[in-house]
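Written below as structure tokens is the structure these notes are about.
Read the numbers this way: they start at 1 and go in the same order the structure lists the ligands and their atoms. Note that this is a predicted model, so its numbers are computed, not measured.
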Amino acid sequence: MNLIFLGPPGAGKGTQAKKLVQLLGIPQISTGDILRAKKEEDSPLGRQIREIMAEGKLVPDEIVVEIVKERLSQPDCEKGFILDGFPRTIPQAEALDEVLKEMGRKIDAVVYIEVPEEELIKRISGRRVCEKCGEEYHVIFKPPKVEGVCDKCGGRLIQREDDKEEVVRKRIEVYNNSTAPLIEYYEERGLLKRIDGVASMEEVFARIKKALGIN
Ligand code: ADP
Ligand code: ADP
Ligand code: ZN
């Protein structure tokens, strides 16, 4: 299955995509994760990405499209993939259509996770990630067994730089202006699956499986 996970920052895209990865055995392609790794590189590109992400803005379409194109051509994507956090603009969606067409493939469904803004702020302000392995936690909704320590690898749990309140507001604004138009884009193409994302992680997962016809 070739899927897109769409939704505002903090909606639960990463959380749900990872659950589906376990179930279906197809890779999650998170442009956020790929860009976070790239921004550590000591190069002009690394620096450019670092500055943009720190402000909560979007990395230019050409850069992100190139990354995704390269990633989709890897053999583990042959069985399917979950795009998490891409596309985020109409030009990215159009570029993706083009790339998939060249590959003779297409998107099967777009899972749109709807969560109101007050709830997003709660989720993002409590989000913690493992410095070492990237596993995600929430101080209230998904706490680690030992405070500040990753259950999986013992790594230190940190708050993402761009999860600080001022940057979060900016990211939500960017989402509303640049990404929300994709809802209509995929609705028109008959691909959109609307999921009410306000429920426990397990319940949201059950809703997604139902919408995709997976039992
Ligand atoms: P996104 O990838 O859309 O930005 P995440 O999956 O990282 O969102 O979730 C944001 C934060 O909210 C994380 O700390 C995660 O543990 C928590 N979270 C995810 N889904 C739920 C849920 N259904 N209820 C409560 N908290 C959630
Ligand atoms: P979230 O879903 O929690 O907002 P992500 O990890 O998906 O966070 O994205 C973090 C940051 O990475 C974004 O604020 C943006 O700067 C950059 N980014 C990720 N995906 C894209 C994309 N498709 N286009 C442009 N910038 C992106
Ligand atoms: Zn870890």
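On a distance-only criterion, V204 and ligand 1 share no N/O pair closer than 3.5 Å. Checked by distance only, ligand 2 and V59 come closer than 3.5 Å through their nitrogen or oxygen atoms. Checking only distances, I124 never comes within under 3.5 Å of ligand 1, N or O to N or O. In terms of polar-atom proximity, defined here as any N/O pair under 3.5 Å, G10 does make such a contact with ligand 1. Considering both main-chain and side-chain atoms, D84 never comes within under 3.5 Å of ligand 1 through any nitrogen or oxygen pair. For the pair R127 and ligand 1, the shortest N or O to N or O distance falls below 3.5 Å. Annotation: E119 places no N or O atom under 3.5 Å from an N or O atom of ligand 1; distance criterion only.
Remark: ligand 1 atoms within the under-4.0 Å shell around heavy atoms of F141 are 25 (C), 26 (N). Close contacts between ligand 1 and M201 involve ligand atoms 16 (O), 18 (N), 20 (N), 21 (C), 22 (C), 23 (N), 26 (N), 27 (C) [criterion: under 4.0 Å to a heavy atom]. Within the listing of ligand 1, atoms 23 (N) sit less than 4.0 angstrom from a heavy atom of S200. Residue contact check: G14 has heavy atoms under 4.0 Å from atoms 1 (P), 2 (O), 6 (O) of ligand 1.
K38 NZ: 12 or fewer foreign heavy atoms inside a 6.0 Å radius. Heavy-atom contacts from other residues, nucleotides or ligands closer than 6.0 Å to CZ of R189 number more than 12.
Ligand 1 lies out of reach of G7, whose nearest heavy atom is not under 4.0 Å from it. Heavy atoms of A199 approach ligand 1 to within less than 4.0 angstrom.
Hydrophobic clustering, with ILVMFWY side chains joined whenever heavy atoms are under 4.5 angstrom apart, groups I4 together with V68.
At a heavy-atom distance under 4.0 Å, only side-chain atoms of E136, from C-beta outward, approach ligand 1.
Here the straight-line distance linking atom CZ of R50 with atom CG of D42 works out to 7.0 Å at 0.5 Å rounding.
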